[in-house]
Engineer: 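Before I ask anything, here is the structure I am working with.
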Amino acid sequence: MTNATTSAPLFRGPFEGSERAAELISRIQHFMNGELADLACEHQLDHEHSPDRALLRQVWRRSHTLGFYGLTLPEQLGGLGLSVLDHVLVKEAIYATGSPFAPHVLGELSGPPRVGALVRHATPQQMAQFILPVAQAELAICFALTEAEAGSDAGAVQTRAVRDGDDYVLTGRKRFISGSPFADAAVLMASTAPEGSEQREVTAFFVDLRAPGVRVESNYKTMAGQSSTGDIVLEGCRVPAGQRIGEPGRGLALALGRITVNRLLHCPAMVGLAQVALRDARDYALQRRQFGRAIAQFQAIQHMLAEAATELAAARALMIATARQLDAGGDARAEASMAKLFCSETAFRVADKAVQVHGGEGIVQGRRVEFLFRMLRMYRVLTGTSEIQKNTIAKELLAPDNAG
């Protein structure tokens, strides 16, 4: 399972992005299928056996040296100024390699994508202390919003930030924070509303996770077997007021300011992983023999593969169409939620069929399709549940401006 996927591509039409994106994808694939594949083999890594922090830092720095790590940043920080479509296609290609390092090449869990949207709100001190070191792969940072009582209801955060002189004192617990076990800092949301007030006032802070009064607890794994998620516990942690991001009460606006684009940008990971599952199912069907012939010759298997390929092509087409709409300046709130909903549900159905094609082998831990089944089931919950996406779609559909 440590080897990258090298089978023939599933989608053979003309490349939808720019020449620069095609060249970038070629270089990234060479890096992942070569250097990173060798590194995974050397350290016996797969999706369920995560690299340690030291190895991740090595990967981040190497990716930065090659020009991949910060490509999503604003151009003034060394980013490439990619269109949404090019970004989608690059990310899809990364996940479609099947590499266990896929989430780390662009620093998605703990790197530049976590801070790029904050550049125009950051002070010079915050740029120097947090954003530039993250951009240069010197500092790892996570995004901390979710709590036990604040998931889909993002504004219901209970973590408190109380002003005390030149500091804020933070108390609370953040839950299910991706990238926190290997992060040095967090962009963290806390309530600055007066005690006992029903008013919602969520404020954003840069929090040093090595400071007194804060710790990360990562003593659990997700159903996919990964250990890249943890809780951030704050017990009277003092955060200098200079680490507040923007004005008080503007935290959710900062966090959700690019929610439409961000929802779409989760889709290429699902589509890429579903491609890996479908390739594995196809390749297994071609080599597995029953009753004297390859099971790929049985119509039942052919129909499962055909259905999976068709649904995946439809999901990918919706993802690409939404990216083009965003690049054209369109309001794609409903379409981005449609893409997240359809891609996550479709990717899981593809993984389900891939397990079925593998039969008994598909339910054995250690088989990649078994991992992908669990991983793609999670995407129906992560980054906005399917039900939240349906709420957004319905809200847009029923808005007065859209009423007949």
Side-chain angles (χ1 to χ4, degrees), residues 1-2 40 43-60 99-104 107-111 113-114 134 139-154 156-161 169-191 205-239 255 266 269 273 364-368 370-385:
M1 212 169 115
T2 57
H43 292 271
Q44 298 183 317
L45 299 176
D46 57 29
H47 293 82
E48 296 190 65
H49 298 87
S50 304
D52 60 23
R53 185 185 299 209
L55 186 58
L56 280 178
R57 289 186 185 280
Q58 179 182 332
V59 171
W60 297 332
S99 170
F101 289 112
H104 303 291
E108 288 179 71
L109 296 181
S110 54
R114 297 300 192 185
V134 170
L139 189 78
I141 197 164
C142 60
F143 179 80
L145 171 61
T146 305
E147 299 177 5
E149 301 298 327
S152 298
D153 184 6
V157 297
Q158 299 299 305
T159 296
R160 300 271 303 149
V169 179
L170 273 62
T171 304
R173 187 184 191 99
K174 294 296 179 180
R175 183 79 166 144
F176 304 132
I177 306 304
S178 299
S180 58
F182 40 79
D184 304 299
V187 175
L188 188 142
M189 302 294 155
S191 173
F205 298 88
F206 285 112
V207 176
D208 185 343
L209 297 180
R210 300 161 296 190
V214 59
R215 69 181 186 274
V216 175
E217 294 183 354
S218 53
N219 54 356
Y220 60 88
K221 293 184 178 182
T222 65
M223 67 184 291
Q226 297 178 322
S227 56
S228 59
T229 301
D231 292 2
I232 298 175
V233 182
L234 302 134
E235 297 173 331
C237 174
R238 302 189 74 88
V239 174
H266 292 302
L273 291 173
V364 175
Q365 282 195 318
R367 272 288 185 179
R368 184 159 61 182
E370 188 271 341
F371 162 78
L372 290 170
F373 177 88
R374 289 182 282 121
M375 186 71 220
L376 289 168
R377 177 60 183 87
M378 287 172 52
Y379 271 108
R380 296 167 62 198
V381 173
L382 299 177
T383 67
T385 66

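In this text the structure is predicted, and so the values were computed from the model without any measurement.
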Engineer: How close do Phe182 and Arg57 get, counting heavy atoms only, and between which atoms?
Structural biologist: O-NH2, 4.5 Å
Engineer: What's the separation between atom CG in Asp184 and atom CG in Leu139, rounded to the nearest 0.5 Å?
Structural biologist: 4.5 Å
Engineer: Return the CZ to CG distance between Phe371 and Asp46, rounded to the nearest 0.5 Å.
Structural biologist: 8.0 Å
Engineer: Just to verify, which of Ile141, Leu188, Val187 counts as forming a side chain to side chain contact (heavy atoms under 4.5 Å, CB included) with Val207?
Structural biologist: Leu188
Engineer: Between OG1 of Thr222 and CE of Met378, what distance do you get to the nearest 0.5 Å?
Structural biologist: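 That separation rounds to 3.5 Å.
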Engineer: For the residue pair Gln365 and Arg374, what are the closest heavy atoms and their distance?
Structural biologist: NE2-NH2, 4.2 Å
Engineer: Do Ser228 and Leu109 have side chains that approach each other closer than 4.5 Å (heavy atoms only, starting at C-beta)?
Structural biologist: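 SC-SC contact between Ser228 and Leu109 confirmed.
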Engineer: Kindly give the heavy-atom pair with the smallest separation between Ala144 and Ile232, and that separation in Å.
Structural biologist: CB-CD1, 3.9 Å
Engineer: Closest approach of Arg173 and Thr159, non-hydrogen atoms and distance?
Structural biologist: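 Looks like N-OG1, 3.6 Å.
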Engineer: Charged N to carboxylate O under 4.0 angstrom, Glu147 versus Lys174?
Structural biologist: yes
Engineer: Measure the spacing between CG of Leu209 and CZ of Arg215 and express it to the nearest 0.5 Å.
Structural biologist: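 Between atom CG of Leu209 and atom CZ of Arg215 there are 12.5 Å.
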Engineer: Supply the atom-to-atom distance Ser99 OG to Leu45 CG, rounded to the nearest 0.5 angstrom.
Structural biologist: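 It comes to 9.5 Å.
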Engineer: Measure the spacing between OG1 of Thr383 and NE2 of His266 and express it to the nearest 0.5 Å.
Structural biologist: 4.0 Å
Engineer: Just one of Val239, Leu170, Val169 clears the side chain to side chain contact (heavy atoms under 4.5 Å, CB included) bar with Leu234, so which one?
Structural biologist: Leu170
Engineer: Taking the side chain as every heavy atom from C-beta outward, state whether Leu382 and Ser178 have any atom pair closer than 4.5 Å.
Structural biologist: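 Side chain of Leu382 against side chain of Ser178, heavy atoms only: no contact under 4.5 Å found.
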Engineer: Using the side chain to side chain contact (heavy atoms under 4.5 Å, CB included) criterion, which residues pair with Ala102? Sequence neighbours excluded.
Structural biologist: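 Expected list: Met32, Ile94, Tyr95.
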